[in-house]
Q: 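Can you read through this structure? Questions will come right after.
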2 protein chains.
Amino acid sequence: MVRSLTSKPSLAGPLTAAPSPRGAAADTPPAARRRLSPADREKSIAAAAIAFFAERGFEGQTRELAAILGITQPLLYRYFPSKEALIERVYQDVFVGRWDPFWEELIGDRRIPIADRLTRFYVSYAKVILTPEWIRLFMFAGLKNLDFNARYLKFLRDRIFEAVVEELRDHFGRPSLKRVPVLDIEIEMVWSVHASIFYLGVREFIYRLPPGCSVQDIVAAKIQMLLGGVAAVLPAAEPAP
Amino acid sequence: MVRSLTSKPSLAGPLTAAPSPRGAAADTPPAARRRLSPADREKSIAAAAIAFFAERGFEGQTRELAAILGITQPLLYRYFPSKEALIERVYQDVFVGRWDPFWEELIGDRRIPIADRLTRFYVSYAKVILTPEWIRLFMFAGLKNLDFNARYLKFLRDRIFEAVVEELRDHFGRPSLKRVPVLDIEIEMVWSVHASIFYLGVREFIYRLPPGCSVQDIVAAKIQMLLGGVAAVLPAAEPAP
DNA sequence: CGCACTGTTGATCGATCGATAATCAACAAT
DNA sequence: ATTGTTGATTATCGATCGATCAACAGTGCG
């Protein structure tokens, strides 16, 4: 459920250090606290929480997050009732808030050649998920035993994978999914494209190994492979009407 | 204050519940402690630690681990000086101890057709890494910022990836790596096979989604794809001597 | 049986962490 | 300036976690 995708993800670089609300010198005197409007404060906390939990994991301490924000830890609890609620907000902003409804439109837009459509979709999707926040948070979420990832991937399968398969069926003159239910092997071929993109993120943001190729190249190659390999696997074509 | 953990934490999950050194009935009287030889005790702790940290992550509590073993927490510290040392032992047992030196031999055994060699290697390698312990521990290790994963993957690249590329060069009559250094794109093709196997493990043991195909099928398909795709990418062949 | 050796436990320390309550102080209205 | 509202901080509680140590108990030897 899209709660409110008002907050631009944007979020600054890798964990902006404490903006030093206090002076630079050692043990500054008063404190010079900064009053922000509730909306601004909440947004700044949510944005910092995304970067923070992505880096440290959900076991990251609230005191450390507060220090990064340059505020005190109890202030977090004025805007979020619990750490768990803050984490829930992070999920919303990253995984729900960055979902682009246009993707589903694009995949089904038959005025565009299928290879272009798929390439454009996957490049766009890759831009969204190939960030340290998305990749690491998704992995952290998966390693907790919540069903969040399973639900996300079910959503992805229903909205994207099946749409891609339907378009491939159409392109190769095969029966629609409405007539012949989707095959495991077809889903698996789409998984393969998805996996190779996701794994680029794992290599870069979890293993910290520089990627060998550009995302663009990988995507283009995988789409070509998908289109090339799919014909051999789809159910027998029916005679055109 | 419930300091004493009289109440079994029980920790829901799969993780074999405490083997009840104490009787089954509620609040059994004396304790019936079991004396094990130091070697056996250490092995049992190390084995339980692997399953435990793989499930709960390295933030898992030593008290919980001890409860699973049916021993008390201080006993862990008789066999391992610190939690960190225990985790180090887990790394050793899983990532070093399960490495099979025969793999390197197999890849280079030119009496066997290359497709068979690679398939046999990858099926064997998949058997080792496609376990909840290996996959989850590797991911947990990666999400901490230690360089462990980078070191492991560097090792893998030097010992396996380059050997595979060398054999592919030989098979297609191209110059050896000693004459023409390995290309990024070649490594990337091997990465692709590795990634698709690893991702099967991520799906099964992290997302908890049942895999659609057998490992055997995936490996065979990927090897075929590797052999098919590699010819178009390798540096120009040299005239045979 | 009595004794020593050592595997094992109960009790507890010090540090950490999420969360709460009381208090302070910045900003706007008057 | 004075005052009320409320954003922000200080102080602290209760629980948790890694680690330590003295005391207990199982085992083998004489």
Side-chain angles (χ1 to χ4, degrees), chain A residues 18-23 27-46 48-49 52-53 56-90, chain B residues 1-11 18-22 27-45 48-49 52-53 56-90 144:
Chain A
S20 78
R22 307 157 182 274
D27 215 340
T28 56
R33 49 176 99 163
R34 290 189 305 180
R35 274 170 84 98
L36 261 61
S37 76
D40 287 346
R41 183 62 81 193
E42 179 177 329
K43 278 182 195 168
S44 78
I45 291 176
F52 177 72
F53 288 126
R56 298 276 194 286
F58 298 121
E59 318 270 356
Q61 310 169 12
T62 55
R63 281 175 175 80
E64 206 174 335
L65 170 59
I68 290 171
L69 277 157
I71 62 177
T72 57
Q73 179 242 11
L75 188 57
L76 299 175
Y77 288 86
R78 183 175 183 87
Y79 295 93
F80 297 92
S82 68
K83 183 181 179 181
E84 199 49 43
L86 180 54
I87 291 174
E88 201 58 42
R89 167 63 178 272
V90 167
Chain B
M1 190 181 291
V2 189
R3 173 110 9 142
S4 63
L5 52 155
T6 54
S7 66
K8 287 260 186 64
S10 83
L11 48 101
S20 78
R22 309 156 181 272
D27 217 340
T28 55
R33 53 176 91 161
R34 292 186 303 181
R35 272 172 82 98
L36 262 61
S37 75
D40 288 346
R41 183 60 84 193
E42 179 176 330
K43 277 182 194 164
S44 78
I45 291 176
F52 176 73
F53 288 127
R56 295 277 192 281
F58 299 120
E59 316 269 357
Q61 311 169 13
T62 54
R63 280 173 176 82
E64 212 174 331
L65 170 59
I68 290 171
L69 278 158
I71 62 177
T72 56
Q73 180 241 11
L75 189 56
L76 298 175
Y77 287 86
R78 182 170 185 85
Y79 295 94
F80 297 91
S82 69
K83 182 181 179 180
E84 199 50 42
L86 180 55
I87 290 175
E88 202 58 42
R89 168 63 177 272
V90 167
K144 286 170 55 171

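Numbered from 1 within each chain, the chains take letters A, B, ... in sequence-line order.
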Q: How many whole angstroms separate atom CZ of R35(A) from atom C1' of dA26(C)?
A: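 Atom CZ in R35(A) sits about 4 Å away from atom C1' in dA26(C).
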Q: Distance check needed: dT9(D) C1' versus L36(A) CG, whole Å only.
A: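 Result: 15 Å.
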Q: Sequence neighbours excluded, which residues qualify as side-chain hydrogen bond (donor to acceptor under 3.5 Å, both in side chains) partners of R89(B)?
A: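 Per chain and number, R89(B) pairs via side-chain hydrogen bond (donor to acceptor under 3.5 Å, both in side chains) with E42(B), D93(B).
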Q: Restricting to non-hydrogen atoms, name the atom on K83(A) and the atom on G60(A) that form the minimum distance, rounded to 0.1 Å.
A: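 Smallest interatomic distance, heavy atoms only, reads NZ-O, 2.9 Å.
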Q: Could you list by number each residue of residues 74-84 of chain B showing a heavy-atom separation from DNA chain C of less than 4.0 Å, or answer none if no residue does?
A: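 DNA chain C contact set from residues 74-84 of chain B: P74(B), L75(B), R78(B), Y79(B).
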Q: If only side-chain N and O atoms of T72(B) are considered, is one of them under 4.0 Å from the OP1 or OP2 phosphate oxygen of dT8(C)?
A: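 Result: no.
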Q: Identify the two heavy atoms, one from S82(B) and one from Y77(B), that lie closest to each other, and give their separation to 0.1 Å.
A: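 Between these two residues, the closest heavy atoms are CA-CE2, 3.9 Å.
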Q: Under the 3.5 Å rule, do the base of dG7(C) and the side chain of R41(B) count as making a donor-acceptor pair?
A: no
Q: Specify the separation, in whole Å, of atom CD1 of I71(A) and atom C1' of dT6(D).
A: 16 Å
Q: Using every non-hydrogen atom in the two residues, find where E84(B) and K144(B) come nearest and quote the distance to one decimal.
A: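 Residues E84(B) and K144(B), closest heavy atoms: OE2-NZ, 4.2 Å.
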Q: Just how far is it from atom OG1 of T62(B) to atom CG of L75(B), taken to the nearest 0.5 Å?
A: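 That separation rounds to 11.5 Å.
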Q: Would you mind reading off the distance between Q73(B) atom CD and dG7(C) atom C1', rounded to a whole angstrom?
A: 16 Å
Q: Can you check the D40(A) CG to dA8(D) C1' distance for me, whole Å?
A: 15 Å
Q: How long is the straight-line distance from CG of L86(B) back to OH of Y79(B), given to the nearest 0.5 Å?
A: 13.0 Å
Q: Choosing from dG18(D), dG18(C), dA25(C), which nucleotide comes nearest the side chain of R63(A)?
A: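 Nearest to the side chain of R63(A) among the choices is dG18(C).
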Q: Using atom CD of E64(A) as one end and atom P of dA19(C) as the other, report the distance to the nearest whole Å.
A: 16 Å
